[in-house]
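Working notes for the structure below.
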Amino acid sequence: MRKKIVAGNWKMNMTLPEGVALAKELNEQLTADKPNCEVVICTPFIHLATIAPMLNDEVIKLGAENCADKAKGAYTGEVSAEMVKSTGAQYVILGHSERRAYYGETAEILKEKVKLALANGLKVIFCVGEVLEEREAGKQNEVVSSQLAGSLFDLTAEEFANIVIAYEPVWAIGTGKTATADQAQEIHAFIRKEIAKQFGEEVAQNTTIQYGGSCKPTNAKELFAKPDVDGGLIGGAALKAADFKGIIDAWKE
Ligand code: 13P
């Protein structure tokens, strides 16, 4: 059966000492009280090499928040998938709405990033989601379907096995406005159907689909109770160990 995954996206938060302290606290808590799901922390690039050797791999994995769309060379300021992998990280978030909106990442660019990430042995948390106007116009299915097809549907089924989907409605990110559990379930089921059309029912059933957008300890249980919601991609609430642990514990009775 597919994995349940709770992943933290630290975004552009935490100095190195702050990030190390948070990772240490989480690692201790999860080692003492084992999670019922896979847990990933996705940190800024500069934290990766320091945090990787601190983590108990059995309870917490590490990821980056982005990687370059080029393999290597004269691309000042960029960080390649191979470099991310060499730190000990196992995951990378790609296609986050903030990268699409503020840094002009198109479906084509993301397609290149996904290929390079997979070629370097990273698992990809690929984000999709509509903005408020698209939701209000009832276009959310159309939007996520084209985001999936535009960057992922040229992969083979074997490659796609290393993709986790994060459905993150942009109107719910950092706004305190969560999608209802029913809204999440409806679109997660749709995403799974789209994956089934492209890669077959077995691949679709094995794909982890996370919800992201103002997920908190208080609403995680209701969201995760839905059959097609396989965990969460957590922003703000991933910056405090107690909140993040509260969401992870939503998978416990
Ligand atoms: P918030 O949990 O802060 O709404 O952010 C969600 C998100 O964008 C995770 O990638």
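This structure is a prediction, so every number in the text was calculated from the model and none was measured. In listed order, ligands and their atoms are each counted from 1.
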Element-labelled atoms of ligand 1 that are located less than 4.0 Å from some non-hydrogen atom of E168 = 6 (C), 7 (C), 8 (O), 9 (C), 10 (O)
Hey, is ligand 1 close enough to G212 that some N/O pair sits below 3.5 Å?
-> no
Atom indices of ligand 1 within 4.0 angstrom of A172 heavy atoms, with elements | 4 (O)
Examine N9 against ligand 1 and note whether any of their N/O atoms are separated by less than 3.5 Å.
-> yes
Strictly under 4.0 Å, does any heavy atom of S214 approach an atom of ligand 1?
-> yes
Closest to atom 4 (O) of ligand 1 by heavy-atom distance, out of G235, C215, G174, is G174
Distance from D228 atom CG to T207 atom OG1, nearest 0.5 Å?
-> 11.0 Å
Any side-chain donor-acceptor pair under 3.5 Å between Y167 and E130?
-> yes
Hey, are E201 and Q205 close enough side-chain-wise for a donor-acceptor pair under 3.5 Å?
-> yes
Keeping the roles fixed (side chain from Q210, backbone from I5), state whether a donor-acceptor pair exists under 3.5 Å.
-> yes
Check for a donor-acceptor pair, side chain of K139 on one end and backbone N or O of R135 on the other, with a separation under 3.5 Å.
-> no
Check whether any N or O atom of G213, backbone or side chain, sits under 3.5 Å from an N or O atom of ligand 1, and answer yes or no.
-> no
So, E38 and Y91: side-chain donor and acceptor under 3.5 Å apart, yes or no?
-> yes
Of all the heavy atoms in K216, does at least one lie under 4.0 Å from an atom in ligand 1?
-> no
Nearest non-hydrogen protein atom, atom 5 (O) of ligand 1 | K11 NZ, 3.3 Å
To the nearest 0.1 Å, how far is atom 3 (O) of ligand 1 from its closest protein heavy atom, and which atom is that?
-> G236 N, 2.8 Å
Side chain of K85, backbone of G121: donor and acceptor closer than 3.5 Å?
-> yes
Using the side-chain contact (heavy atoms from CB on, under 4.5 Å) rule, pick out the option among E98, R99, E168 that qualifies with C127.
-> E168
Does G176 reach ligand 1, in the sense of a heavy atom lying below 4.0 Å from it?
-> no
A237, portion touching ligand 1 at heavy-atom distance under 4.0 Å = neither
